[in-house]
Structures are given as C-alpha cells and as structure tokens.
Amino acid sequence: MNRELPVLAIVIPCYNEEEALPITTARLLELIDKMITSSLISRDSYILCSNDGSRDNTWNVINHLHKKDSRIKGISLAHNRGHQYALLAGLMAVKDRCDVSVSIDADLQDDPDAIIQMVKDYRSGMDIVYGVRSSRTTDTWFKRTSAHAFYSFQRKMGLDTIYDHADYRLMDNNALRLLSEYGESNLFLRGIVPSIGLKSSVVKYARSERVAGESKYPLGKMISLSIDGITSFSAKPMRLIFVTGLILLLLDLLVALYVLISYFNHATISGWSSLMLSVWFLGSLILMGLGIVGEYIGKIFIEVKHRPRYAVAEELF
C-alpha cells in the first residue's frame with residue numbers, strides 16, 4: 001500500500017443512471033484533479049462505474065464517457081442483482097488495481113468533497129473511513145423518523161452498524177482483501193464492513209438533493225434491506241420467538257388456573273368473544289414465527305447452493 005501517494009479508485013454502483021452519470025463523473029474528475037494537484041493521490045487514480053443490469057442507456061453512457069476520458073472505467077453485470085451486489089462487484093474489480101477505494105452513489109447526495117478528508121485519514125493510518133451524515137434536516141419527517149427507526153431496530157437486533165452511514169466509505173486494499181473472503185450470498189455490506197475490524201474513523205458531511213433521476217431506495221426497499229441485514233447477522237429474532245413462547249406459556253398456566261377454579265366453583269361462562277380473540281392472537285403469533293423461521297431457512301437454502309453472486313458481462317479498463 002502506498003499511503004503517501006495512493007492510487008484511488010472511486011466506485012459508483014449504477015442502476016438506470018443515464019441522466020446522473022455525466023454530471024457525477026465530471027464532478028468526480030474535477031475532485032480527482034484537485035487531489036492530484038494537492039499531492040494527495042496518484043495520477044493513476046480513476047473512476048469505476050458498476051452497471052447493475054440497467055434497463056436504460058446507462059451502459060452506453062459509460063462507454064461514451066470512457067472514450068472521452070480513459071480514467072472513467074466500467075463493468076456491467078449480466079443482469080440486475082441489486083445495489084449491494086453491484087457495489088461488491090465494483091469493489092472486487094478494483095481490489096488489485098488500487099491502493100484505496102471509495103464507494104459513492106451516482107446521485108451525488110453524498111458530498112464528494114468528504115473524500116478529501118477520507119484520503120487524509122487513510123494517509124494518517126486508517127484502513128476504513130465511514131462517511132456519516134452530520135444531520136437529517138433536509139429529510140421529510142417521515143424519512144427522518146423511519147431512518148432513525150431503521151438504525152435503532154438494527155442495533156437492538158444485534159447488528160454492529162454505523163449510525164447514519166449508508167455505503168459511502170473508504171476502504172484500503174487490505175480491507176478489500178478481507179472483504180473478498182466473506183462468501184455469503186445474502187449481502188449487507190453495512191454490517192459486513194464493520195465486522196472486518198481494522199483501524200477506522202468517521203468523516204461527517206451534509207447530504208444534498210439528487211443531481212438527476214429518482215431515488216432507487218423507496219420505503220419498500222429500505223424495509224427489505226433492513227430485514228436482510230438483521231437475518232444475515234443476528235439470530236435474535238428467533239430467540240425473541242422462543243421468549244414470546246415462554247411468556248405465553250406462563251400466561252396459559254395462569255389462564256388454566258383461573259379456568260380450573262371457575263370450573264370447580266361452577267362459575268364457568270361460555271365466552272365466544274374471548275375465545276375468538278385468543279385464537280386470532282395466537283394464530284398471528286404462530287404465523288409471524290413461521291415467517292421469521294422461514295426467512296432464515298430461505299437464506300440457508302440460498303447459501304448452501306454456492307452459486308456465483310453476480311456475473312460480469314463486460315469490462316472497460
């Protein structure tokens with residue numbers, strides 16, 4: 001690793017980003033030139049766009065940008081695999097072609113200027129630097145509340161995640177090498193990277209609006225990502241099912257005691273309402289429990305097949 005003048009690879013996962021990419025790459029090339037002039041990074045630094053099987057002209061745009069400036073490189077997945085896989089594919093593509101990488105989304109909501117401080121932290125000895133939002137004042141009340149609930153719930157479920165950190169981070173090639181040894185198919189990089197360990201720091205930044213296009217992470221995908229993260233890193237939900245079962249068993253014993261006392265005192269009254277409420281309540285708990293167990297079994301099913309996590313169809317280097 002060259003900490004004095006590292007080769008920096010900026011990895012951008014892309015899905016239907018034909019509008020944003022020309023703006024994003026131009027902004028990042030300016031940043032690279034600025035950092036080269038300041039003797040922070042090597043002149044061999046570059047940008048890698050990882051196309052996640054986009055349905056628009058994203059790959060054609062990447063080809064065009066590559067022809068205009070060879071520092072813009074690209075890979076294209078054979079089909080859409082999702083943000084986490086596209087990001088991992090990009091990181092693995094640059095693993096042996098750089099000293100340090102920074103992952104950033106194509107929408108430029110994450111302030112690119114934070115990369116300067118990330119590289120400075122790397123040069124001072126950090127292996128991983130997390131980009132963390134300084135505030136959420138620009139978010140709507142619902143977005144802010146749901147995001148805080150997202151991180152809090154993960155923490156309670158046993159995940160070691162960085163609060164208000166998405167996938168904007170710096171990783172040196174040692175961290176990338178260790179990341180490559182994690183072979184799971186159920187990817188949640190926000191949980192995997194902190195589990196690597198190594199020396200790390202945090203750089204805070206203010207988040208802005210998208211430069212173009214529309215969000216690729218609506219509420220449904222955020223919930224899905226949270227479920228994937230929890231079930232990939234923690235068995236706590238299954239433990240909660242067991243604890244809930246014990247609590248219900250104790251309640252059943254108390255109810256049984258009440259029923260027996262009422263029976264021997266000839267004070268039993270048939271109660272249709274209480275019976276129906278009990279059946280629906282317990283039925284709901286059983287179905288929820290089966291759903292959680294099924295989520296884990298489904299992940300085991302995917303993992304044991306050891307299929308490739310993604311396939312790279314084309315490369316531009």
Side-chain angles (χ1 to χ4, degrees), residues 1-14 20-50 62 65-66 68-75 87-88 90-134 162 164-180 189 193-194 196-208 211 316-317:
M1 287 187 293
N2 184 356
R3 289 195 183 270
E4 292 304 314
L5 208 62
V7 175
L8 170 66
I10 301 178
V11 177
I12 310 172
C14 313
L21 275 179
I23 304 170
T24 300
T25 52
R27 174 73 178 84
L28 292 174
L29 285 174
E30 287 179 10
L31 181 65
I32 287 174
D33 288 336
K34 179 181 176 181
M35 295 172 73
I36 291 172
T37 303
S38 303
S39 298
L40 281 175
I41 59 174
S42 167
R43 291 186 177 274
D44 296 324
S45 299
Y46 60 93
I47 298 168
L48 176 85
C49 300
S50 179
I62 295 171
L65 293 170
H66 175 70
K68 285 179 61 178
D69 193 323
S70 61
R71 292 180 297 173
I72 299 175
K73 308 181 188 300
I75 61 170
L87 176 54
L88 180 68
L91 293 174
M92 294 301 100
V94 304
K95 177 171 63 75
D96 300 318
R97 296 182 170 108
C98 70
D99 295 304
V100 62
S101 70
V102 171
S103 55
I104 185 171
D105 287 341
D107 55 24
L108 283 191
Q109 285 188 283
D110 301 318
D111 183 11
D113 288 332
I115 295 175
I116 296 174
Q117 186 57 50
M118 288 182 179
V119 172
K120 288 179 179 178
D121 281 14
Y122 162 75
R123 290 180 57 170
S124 69
M126 296 298 110
D127 301 299
I128 302 172
V129 184
Y130 299 100
V132 174
R133 295 182 61 171
S134 56
I162 309 298
D164 275 341
H165 163 71
D167 286 299
Y168 186 26
R169 70 178 74 87
L170 175 147
M171 300 179 71
D172 66 14
N173 56 9
N174 185 36
L176 291 176
R177 178 185 60 80
L178 292 171
L179 176 63
S180 69
L189 295 175
V193 176
I196 292 175
L198 300 180
K199 295 179 181 178
S200 65
S201 63
V202 165
V203 170
K204 293 194 174 183
Y205 66 94
R207 194 169 168 89
S208 55
V211 295
L316 293 172
F317 273 97

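Source: prediction; values computed, not measured. What you see below is based on every heavy atom in this structure, not just the backbone, and it leaves out hydrogens, waters and symmetry mates.
Ile196 approaches Met171 most closely through the heavy-atom pair CD1-CE, 4.0 Å. When all heavy atoms of Ser101 and Leu91 are compared, the pair lying nearest together is OG-CD2, 3.7 Å. Between Ser134 and Lys204 the shortest heavy-atom distance is CB-CB, 4.2 Å. The shortest non-hydrogen separation linking Pro194 to Tyr130 is CA-OH, 3.3 Å. Heavy atoms only, all atoms of each residue included: Leu5 and Ser39 are closest at CD1-O, 3.7 Å. Across every non-hydrogen atom of Ala20 and Ala106, the tightest pair is CB-O, 3.8 Å.
Using modelled atom types, one finds no donor on one side chain facing an acceptor on the other under 3.5 Å when comparing Tyr122 with Asp172.
Annotation: side chain of Asp105 is in contact with side chain of Pro13 (closest heavy-atom distance under 4.5 Å).
Note: Arg97 CZ to Asp44 CG = 13.5 Å, rounded to the nearest 0.5 Å. Rounding to the nearest 0.5 Å places CD of Glu4 at 10.5 Å from CG of Leu40. Taking NZ of Lys73 as the start and CD1 of Ile47 as the end, the distance is 10.5 Å to the nearest 0.5 Å. The structure places CE of Met118 at 9.5 Å from CZ of Arg169, a figure rounded to the nearest 0.5 Å. Thr24 contributes atom OG1, which lies 7.5 Å from atom CG of Asp107 (distance to the nearest 0.5 angstrom). Between the CG atom in Leu87 and the CG atom in Leu189 there is a gap of 5.5 Å [rounded to 0.5 Å].
Partner of Cys49 under the side-chain contact (heavy atoms from CB on, under 4.5 Å) criterion, chosen from Ile62, Val11, Ile75: Ile62. Partner of Val119 under the side-chain contact (heavy atoms from CB on, under 4.5 Å) criterion, out of Ile41, Val129, Val203: Ile41 alone. If you run side-chain contact (heavy atoms from CB on, under 4.5 Å) between Asn174 and each of Leu179, Leu198, Asp99, Val100, only Leu198 comes through.
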Stepwise side chain to side chain contact (heavy atoms under 4.5 Å, CB included) check, Ser70 with Tyr46: CA-CA 8 Å; Ser70 61; Tyr46 60 93; over 6 Å; no

Side chain to side chain contact (heavy atoms under 4.5 Å, CB included) between Val132 and Tyr168, intermediate numbers included: CA-CA 8 Å; Val132 174; Tyr168 186 26; over 6 Å; no

Side chain to side chain contact (heavy atoms under 4.5 Å, CB included) between Gln117 and Tyr205, intermediate numbers included: CA-CA 10 Å; Gln117 186 57 50; Tyr205 66 94; over 6 Å; no

In a table with atom names and distances, give each donor-acceptor pair under 3.5 Å that connects a side chain of residues 25-35 to protein atoms at least two apart or in another chain.
residue : atom : partner : partner atom : Å
Thr25   : OG1  : Leu21   : O            : 2.7
Thr25   : OG1  : Pro22   : O            : 3.4
Arg27   : NH2  : Asp113  : OD1          : 2.9
Arg27   : NH2  : Asp113  : OD2          : 3.2
Asp33   : OD1  : Arg71   : NH1          : 2.8

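Looking only at distances, a side-chain donor or acceptor of Ser45 sits under 3.5 Å from a matching main-chain atom of Leu8.
Taking 4.0 Å as the cut-off between side-chain N and carboxylate O, Asp121 and Arg123 do not count as a salt-bridged pair.
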